[in-house]
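Scroll down for the structure; my scribbles are underneath it.
Naming convention: chains lettered A, B, ... in sequence-line order (proteins, then strands); numbering from 1 in each chain.
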Protein chains: 2
Amino acid sequence: MNTAASRRRPATIHDVAREAGVSRGTVSRVLNGGHYVSPTAKAAVEAAIRRTGYVVNRHARSLITGRSDSVAFLLTEPQERFFEDPNFNVLLRACTQALADRDIPLILMIAGTEDERRRNLRYIEAGHVDGVLLVSSHSGDPVVTRLHEAGVPVVACGKPLGQTARIGYVAADDRGGARDMVRHLYASGRRRIATVGGPLDTPGGVERLAGYRETLDECGLPADETLIATGDYSRASGEEAARVLLERAPDIDAVFVASDLMAQGVLDTLARAGRRVPEDIAVGGFDDSPAALSSRPALTTIRQPWDRISAEMVRTLLARIAGEEPSAVILPTALVRRESA
Amino acid sequence: MNTAASRRRPATIHDVAREAGVSRGTVSRVLNGGHYVSPTAKAAVEAAIRRTGYVVNRHARSLITGRSDSVAFLLTEPQERFFEDPNFNVLLRACTQALADRDIPLILMIAGTEDERRRNLRYIEAGHVDGVLLVSSHSGDPVVTRLHEAGVPVVACGKPLGQTARIGYVAADDRGGARDMVRHLYASGRRRIATVGGPLDTPGGVERLAGYRETLDECGLPADETLIATGDYSRASGEEAARVLLERAPDIDAVFVASDLMAQGVLDTLARAGRRVPEDIAVGGFDDSPAALSSRPALTTIRQPWDRISAEMVRTLLARIAGEEPSAVILPTALVRRESA
DNA sequence: CATGCGTCTGTGAGCGTTCACAGTAGAGAA
DNA sequence: TTCTCTACTGTGAACGCTCACAGACGCATG
């Protein structure tokens, strides 16, 4: 290993070819799958690559193929909300690793402000990445349309709301998860089941509320709008929503909360109001975030399969890049029983 | 804007040159700072760029310049620990944005396993990035040495321990922060001040403990090894460490804990032992993470200037890439007074 | 024996930039 | 006038790779 030499001038495909006694073309073929290469030549090339420490120059390759062999992870959130969300960490981490398995670097992009959005779109539309993993919770996000119009392969995390364009996405079964939780509350004898929903311009907000409504109906409980409050997924909004609920309907015996963070806030308010959980009121969360474990009592919640979501996002994005049509993937959630319900 | 046309074949520098009635060379000069270009030509080129929607092909540029105009954010942690750490989010986010301001994409790399480490090193050593923002807490990390030997510009977050190689880094003033906290505890009348330190193979663990020791000495309090416990920054380890401390020294009236997460664990144990905070025992944390605000009572803690740390990491890395010598930057922390002390 | 086919190999061209160099024009100095 | 200097401009040659093509070889088929 000529470490010193390879540092000052990295080995090129020429060096490998010379070393192996073959032509550039043959080396290139070995690099790209090894079809139409004799076993002898292939072995010689592989040995030469090892000896020279050759690593392909991706820029040169990209220049001619037109592919960049990289993928953007684009986060479009006005606030820092997502970065505080523990789910986001899991998602980002798992996507990075799923891509790394295929030797594709992940480029992290954050488009909080209008300016950042413009810059990132410019970068993406210039063809500097082959595709985009999109994390954008809000409906009517102009980024989605722009990317779609530019013909850039996109896979969104969660169903993009209010989007006419056919765009691929991967999501947890929010509605099913909500149903499971409300059924669980009902099965444990609760009959006055309230809910704290998420923002209605997010898919989670819409679907989880729908699941709640469906299940109430299915169980024969009356639809009662005073039992429905809405938050913005923050802890503070959970506190506030619980206050409102207690005032409007003091006799509630269960709350299904659309996120663990909000559920923490709900627990705070309930504790302050002297209600015991789960004796007086059962509380069900959503996400199975670390907060669910650290809250007192520990939260019964719905686990979203983030590892599978990430894996599917990467898989479908690569399929899309390879020319397949956009697809929608919905993955099942799981009820996690702890102390609060 | 010929959106349709520009999609099937993006404008090249040739198109711009033709459109502006100048040569490739002139366009290139405008693109790279505009020196030695007449105002007329410059204006013509800029207009042509706008009309054609031209965006530079970074692959072609990189091929000849040898630079990639991208930077890696490399996380080397055996466990998921860092991803759970709220500080990490702030750091990653701020670095991404500081780089975006300079139009440099951030490539996220995670080297948890040995295999991932090898792959990422291979990528970096091949020159696919111009430099590395390194987040690695443990001493003796082989990655640091490898990168240094390969001559890749590196800036670490936190002082790399046990490293002979001169490597640039940016860190919060852990020792000073610890001093501030212990002085604060002393000033509020506490005289039996214990500590729960971090792992001693992390710079935070070492420095914060040192600051604790120095301040005890400075205040004329006796050095007492039974007052020192160690955790691994996790909440559970905080619980355990507090148990140990209470057993060894039931008369303690203050604890300086080297992280907010551990401090939460300490609070749990104290509550279970019937000790009131801050009446019986004062508790000081470190990090000013969201956990500090949500714990009951809210934690008095030390804020690390993550936004400035990120900005400095990016600044010094770019300086290093430009040829400057590695530098060490230590940034001041701030005491945040809440209820626990 | 010619023909065709499948497997393997080398060669030239070109991807879109930057860089070094050569060259032009105009201003000022000798 | 002539020379020099500065400001500006255009041109060819890379950078390292892939792709299309052409050619060579062995083998089976007609």
message: Here's a test of your reading of the structure: between His35(B) and Tyr54(A), which maps to the more 5' nucleotide of DNA chain D?
response: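 Upstream on the strand: His35(B).
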Take the protein atom [atom1] of [X] and the nucleotide atom [atom2] of [N], then report the distance between them rounded to whole Å.
X	N	atom1	atom2	value
Arg67(A)	dC17(D)	CZ	C1'	12 Å
Asn32(B)	dT17(C)	CG	P	11 Å
Leu31(A)	dT9(C)	CG	P	15 Å
Ile64(B)	dT17(C)	CD1	P	12 Å
Arg58(B)	dC15(C)	CZ	C1'	18 Å
Asp69(B)	dT18(C)	CG	P	10 Å
Tyr36(B)	dT24(C)	OH	P	19 Å
Asn57(A)	dC15(C)	CG	C1'	13 Å

message: I'd like to know if Arg24(B) reaches the base of dT18(C) with its side chain, counting only an N/O donor and acceptor under 3.5 Å.
response: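 Result: at least one qualifying N/O pair found.
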query: Ignoring hydrogens and angles, are the base of dG10(D) and the side chain of Arg29(B) linked by a donor-acceptor pair under 3.5 Å?
result: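 Pair found.
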query: For the atom pair CG (Leu318(B)) and CD1 (Ile104(B)), what is the distance rounded to the nearest 0.5 Å?
result: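 It comes to 4.5 Å.
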query: Roughly how far apart are Leu134(A) CG and Ile167(A) CD1, rounded to 0.5 Å?
result: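 Result: 6.5 Å between the selected atoms.
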message: Counting only heavy atoms from other residues, nucleotides and ligands, does the tally under 6.0 Å from CZ of Arg102(A) exceed 12?
response: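 It does: Arg102(A) CZ has more than 12 such atoms within range.
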For the side chain of [X], starting at C-beta, report the closest nucleotide among [options].
X	options	value
Ile13(B)	dT17(C), dC8(C), dG14(C)	dT17(C)
Leu63(B)	dT18(D), dT17(C), dC15(D)	dC15(D)
Val37(B)	dT18(D), dG10(C), dT9(D)	dT9(D)

- prompt: Just one of Leu133(A), Val71(A), Leu99(A) clears the side chain to side chain contact (heavy atoms under 4.5 Å, CB included) bar with Met313(A), so which one?
  reply: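 The passing option is Leu133(A).
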Residue-phosphate contact under 4.0 Å: [X] side-chain N/O, [N] OP1/OP2:
X	N	result
Ser38(B)	dT9(D)	yes
Ser23(A)	dG10(C)	yes
Thr65(B)	dT18(C)	no
Thr26(A)	dC8(C)	no

query: Within the structure shown, what part of the strands sits under 4.0 Å from His14(B) by heavy-atom distance: base, sugar-phosphate, or nothing?
result: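 Base contact.
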- prompt: Hey, are Asp15(A) and Thr52(A) close enough side-chain-wise for a donor-acceptor pair under 3.5 Å?
  reply: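 Side chains of Thr52(A) and Asp15(A): no pair found under 3.5 Å.
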